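Side-chain atoms are counted along with the backbone in the values below, which use heavy atoms only and exclude waters and symmetry mates. Note that the coordinates shown come from a computational prediction; the quantities given were computed from them, not determined experimentally.
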Protein chains: 2
Amino acid sequence: MTLPQLQSLQCSDCPIRHRAVCSRCETDELQMLDTIKYYRSFEAGQPIIWSGDQMNFVGSVVTGIATLTQTMEDGRTQMVGLLLPSDFVGRPGREGAAYDVVATTDVVMCCFRKKPFEDLMLETPHIAHRLLEMTLDELDAAREWMLVLGRKTAREKIASLLAILAQRDVSLSKNAASGEVTFDLKLTREAMADYLGLTLETVSRQMSALKKSGVIVLESKRRVKVPDMRLLIEEAGDDTDGGVVG
Amino acid sequence: MTLPQLQSLQCSDCPIRHRAVCSRCETDELQMLDTIKYYRSFEAGQPIIWSGDQMNFVGSVVTGIATLTQTMEDGRTQMVGLLLPSDFVGRPGREGAAYDVVATTDVVMCCFRKKPFEDLMLETPHIAHRLLEMTLDELDAAREWMLVLGRKTAREKIASLLAILAQRDVSLSKNAASGEVTFDLKLTREAMADYLGLTLETVSRQMSALKKSGVIVLESKRRVKVPDMRLLIEEAGDDTDGGVVG
DNA sequence: CGCCAGCTTGAGGTGCGTCAAGAGGAGTGG
DNA sequence: CCACTCCTCTTGACGCACCTCAAGCTGGCG
């Protein structure tokens, strides 16, 4: 989906219509949103927002992947969120951004200037409620991730990340096969390390280890086949069969 | 504040009136809440909710401290949230609880049955908005904590936790002194370890180390004096002067 | 007084980080 | 077509921060 294609897109035909912050809106509410929305695209590697910056827009990821990261003075960085299509960026009622948002692949966002959006939210409970729901989902995902960061081994961390990415992929592309899944790994080893609280060397080693024990097959460095999801989930140390994650 | 004292408490006199989910309510809205609320108390060590249980109430912590924890099959546990007075428990719109909630000290909660609360929320935007705001704050705190868990050293982790607890204390008891702060550590070494993704031995060692270098003074095992907050925050590795945290 | 939960401290092991060298693949230019 | 560069990724050797196991201390309470 390219930007020119999207510029003329009606909300009713939007690919994230049923999952995004607008998913609960009636047609008249959608028309209101339609009048204040605009699309923006970002190239892979480009920053979308810097931590501390004044935020003058909010919006949804339409296509592509972006990351939320925090950085310490000495350069240590930790990814604190992965933004996939339909995920919301920005916090109504807040001035500055709390984290760096960076496009990992090419990204298209559906944006609203902040003030008009906040005004609209006040008189449109469907939006406010959906946003609350999405925020609660993100909170769950963040807490799930705290267990990964705090208590899992490197191998379990890698398995957890792969399981989440694989399942996201399944749920989007209705690749329904319960056993085997194949997907593109859209993160570099370094990005994976930043997400997992590891170094990129450790990520590489554990990927090799999982490959060696047959849990995953690397069709290329960035394309992963999971012959048996059950096995992967077991490696992740999860009792839940991996549902969760907003 | 004991339970008998609280049972007859008017919302307008409530100690968490200005911070809890009801803080934005007008007097008539408060009266509505008053009619459906009830108090419950839990002894230190008691579970408040088990993960997976049906949740039939939501509520606010009035006094005491509770913890949100996740546990893996093999017993590894990670604390994913610390509930202090005014914090909200439960998620409107969800069936089951996602985490174990345990009272760390004696706890008194102001509860609402879930269904009536959800109904009231639909017609009371002040509550819904405040809840969104509080959820965003929690999300920020969770993400802040992801950096702690993923990238900080044991010493920095301890310092981060102490800094948060100290600052919470200051903001409640208007202990305004910018330099020196003293507070009760209401967590065991083990609970601290669960929060920080460490073992209790490492917590103990790093507490001793911080004591030895004069960053903290232990008036007793559970009472901590911070002679200079600046120093503590520096040890935590934070560039932010510790504002944050809802 | 003895008991027990919570805490401290030590000695030794290990998982992951650090540092360093090199392999693979994509793009550019001759 | 090769030569060259740049970037990502892999692999190895080594060290350290933190975990594990174990012993002993402290203070509150019967």
Checklist entry - Which residues within residues 188-202 of chain B lie with some heavy atom under 4.0 Å of an atom in DNA chain D? => result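 When residues 188-202 of chain B is checked for heavy atoms under 4.0 Å from DNA chain D, the hits, listed by number, are B:Gly197, B:Leu198, B:Thr199, B:Glu201, B:Thr202.
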[X] versus [Y]: any side-chain heavy-atom pair under 4.5 Å?
{"X": "B:Leu82", "Y": "B:Leu187", "result": "yes"}
{"X": "B:Thr69", "Y": "B:Val80", "result": "no"}
{"X": "A:Thr135", "Y": "B:Met134", "result": "no"}

Checklist entry - OP1 or OP2 of D:dT11 less than 4.0 angstrom from a side-chain nitrogen or oxygen of A:Ser208, does that happen here? => result yes
Item to check | Presence of A:Arg222 side-chain N/O under 4.0 Å of D:dC9 phosphate oxygens OP1/OP2 | outcome: yes
Next on the checklist: I want to check a possible cation-pi pair here: B:Arg168 against B:Phe183, using under 6.0 Å from ring centre and within 45° of the ring axis as the test.
Outcome noted: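 Geometry flag: not set, cation outside 6.0 Å or 45°.
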Separation of [N] [atom2] from [X] [atom1] (nearest whole Å):
{"X": "A:Arg205", "N": "C:dG17", "atom1": "CZ", "atom2": "P", "value": "9 Å"}
{"X": "B:Lys152", "N": "D:dA17", "atom1": "NZ", "atom2": "C1'", "value": "17 Å"}
{"X": "B:Arg151", "N": "D:dC18", "atom1": "CZ", "atom2": "P", "value": "14 Å"}
{"X": "B:Leu218", "N": "D:dG27", "atom1": "CG", "atom2": "C1'", "value": "15 Å"}
{"X": "A:Leu149", "N": "D:dC18", "atom1": "CG", "atom2": "C1'", "value": "17 Å"}
{"X": "B:Lys157", "N": "D:dC18", "atom1": "NZ", "atom2": "P", "value": "8 Å"}
{"X": "B:Gln206", "N": "D:dA17", "atom1": "CD", "atom2": "C1'", "value": "9 Å"}
{"X": "B:Leu210", "N": "C:dT8", "atom1": "CG", "atom2": "P", "value": "12 Å"}

Strictly under 3.5 Å: I want the nitrogen or oxygen pairs between protein and nucleotides 25-28 of chain C, one per line.
none

Presence of salt bridge, [Y] and [X], under 4.0 angstrom:
{"X": "A:Asp238", "Y": "A:Lys152", "value": "yes"}
{"X": "B:Glu138", "Y": "B:Arg143", "value": "no"}
{"X": "A:Glu156", "Y": "B:Arg76", "value": "yes"}

Checklist entry - Stepwise, does the side-chain hydrogen bond (donor to acceptor under 3.5 Å, both in side chains) test hold for B:Arg155 with B:Ser213? => result CA-CA 12 Å; B:Arg155 171 181 261 244; B:Ser213 40; 3.1 Å; yes
Next on the checklist: Regarding B:Ser220, tell me which of base, sugar-phosphate or nothing describes its non-hydrogen contacts under 4.0 Å with the strands shown.
Outcome noted: nothing
Item to check | Passing candidate, side chain to side chain donor-acceptor pair (under 3.5 Å) with A:Thr77, options A:Thr67, A:Asp194, A:Thr71 | outcome: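 The passing option is A:Asp194.
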